[in-house]
Amino acid sequence: MATKLVDLVYWRRMSTTGVVFTGLVISLASLFQLSAVTVLSHICLGVMSVTFILRLCYKLLELLRWNPGVHPFQSYLDHDSSLTDKETVMLVEEVVLLFAFAFTEIKRLIFIESMIDSIKFIVLLYLLSYVGVLTSGLTLVITAVIVVFSLPLFYKKQQMRIRRIVRAVKAFVKRIKSMCLGLYNSMKPAPAHAHAPAAAPTPASASKQKAKSK
């Protein structure tokens, strides 16, 4: 499944990716005017109109003895898409672990286990409230689909140029950081020198002082 998704995202099969990308964008855009049930019904009706016509044509050719009785979608019918018991258990475990992790993280953020993480979460929620006012969730989903199908291909085509830009940005940030650090070190007051403790008198000097006092 992961390999198929990577092939779709990187447009390794142009026809398949084009059909999937166009279908996703059109279906999501249709949800602006129609309900999800209506869009799903129309998609199924559109697909079945094509498959039914092809099946009818093959049946007529079979009646005319021009077709040996081959089903046009036999390969799809023979494909076993069922899950084994082990695969089902693994899939359920992954879903349960994902929900448990999400619930634990949200509980940790809401009940302020870490001040820094909760502040970040508050800022994110505040920004999302503005995003919700300016746009809808469906628009964000359509934008995400377009970005997912566009950015990997753009990076693949412009990989060397993007790497040069990233290296230049990293060098610039490093230079700015070193300049700020040098400025901070130059403005920082020098530490006060501690007074050296007085040297203890030696026995000879002590005897001389006693003789002078006498």
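- To the nearest 0.5 Å, the span separating CZ on R163 from CD on Q158 amounts to 13.0 Å.
- Taking hydrophobic clusters as Ile, Leu, Val, Met, Phe, Trp and Tyr residues chained together by side-chain heavy-atom distances below 4.5 Å, F154 shares a cluster with V166.
- Of the residues listed (V20, I26, T22), the one engaging L24 in a side-chain contact (heavy atoms from CB on, under 4.5 Å) is V20, and it is the only one.
- Surrounding OH of Y58 are at most 12 heavy atoms belonging to other residues, nucleotides or ligands under 6.0 Å away.
- The 12-atom threshold is exceeded at CD of Q159, counting heavy atoms of other residues, nucleotides or ligands nearer than 6.0 Å.
- The aromatic rings of Y126 and Y130 sit perpendicular, their planes meeting at an angle over 60°, well past the 30° parallel limit.
- The hydrophobic clustering, which links ILVMFWY residues whose side-chain heavy atoms are closer than 4.5 Å, places I43 and L34 together.
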Taking only distance into account, with no hydrogens and no angle test, what donor-acceptor pairs under 3.5 Å do side-chain atoms of residues 134-143 form with protein atoms, sequence neighbours excluded?
residue, atom, partner, partner atom, Å
S136, OG, T139, N, 3.4
S136, OG, T139, OG1, 3.0
T143, OG1, T139, O, 2.8

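- Proximity of E87 to L91: side-chain heavy atoms (C-beta onward) are nowhere separated by under 4.5 Å.
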Residues 103-113, side-chain donor-acceptor partners within the protein, below 3.5 Å, at least two apart:
residue, atom, partner, partner atom, Å
T104, OG1, A100, O, 2.7
E105, OE1, R108, NH2, 3.0
R108, NH1, D117, OD2, 3.0

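- Put simply, I146 and F149 are part of the same group of oily side chains (I, L, V, M, F, W, Y) that touch within less than 4.5 Å, one to the next.
- In this structure, NZ on K157 lies 12.5 Å from CD1 on I162, to the nearest 0.5 angstrom.
- With rounding to the nearest 0.5 angstrom, the NZ atom of K174 is 11.0 Å from the NZ atom of K170.
- Between S49 and G46, the shortest heavy-atom contact is OG-O, 2.5 Å.
- Annotation: side chain of S41 is in contact with side chain of V37 (closest heavy-atom distance under 4.5 Å).
- Clustering ILVMFWY residues whenever any of their side-chain heavy atoms sit less than 4.5 angstrom apart, transitively, puts L151 in a cluster other than the one holding V9.
- By the neighbour-count criterion of 12 heavy atoms within 6.0 Å, atom CZ of R13 is sparsely surrounded, having that number or fewer from other residues, nucleotides or ligands.
- Checked by atom type and distance alone, the side chain of W11 never pairs as donor or acceptor with a backbone atom of P152 at under 3.5 Å.
- Annotation for F32: atom CZ counts as buried by contact number, over 12 foreign heavy atoms lying within 6.0 Å.
- Between the CG atom in L56 and the CG atom in L61 there is a gap of 9.5 Å [rounded to 0.5 Å].
- Hydrophobic cluster membership differs between V19 and M48, with clusters built from Ile, Leu, Val, Met, Phe, Trp and Tyr side chains linked at under 4.5 angstrom.
- Of the listed residues (T51, L45, V50), just one forms a side-chain contact (heavy atoms from CB on, under 4.5 Å) with V47, and that residue is T51.
- The residue from L60, I53, L54 that alone fulfils the side-chain contact (heavy atoms from CB on, under 4.5 Å) condition with C57 is I53.
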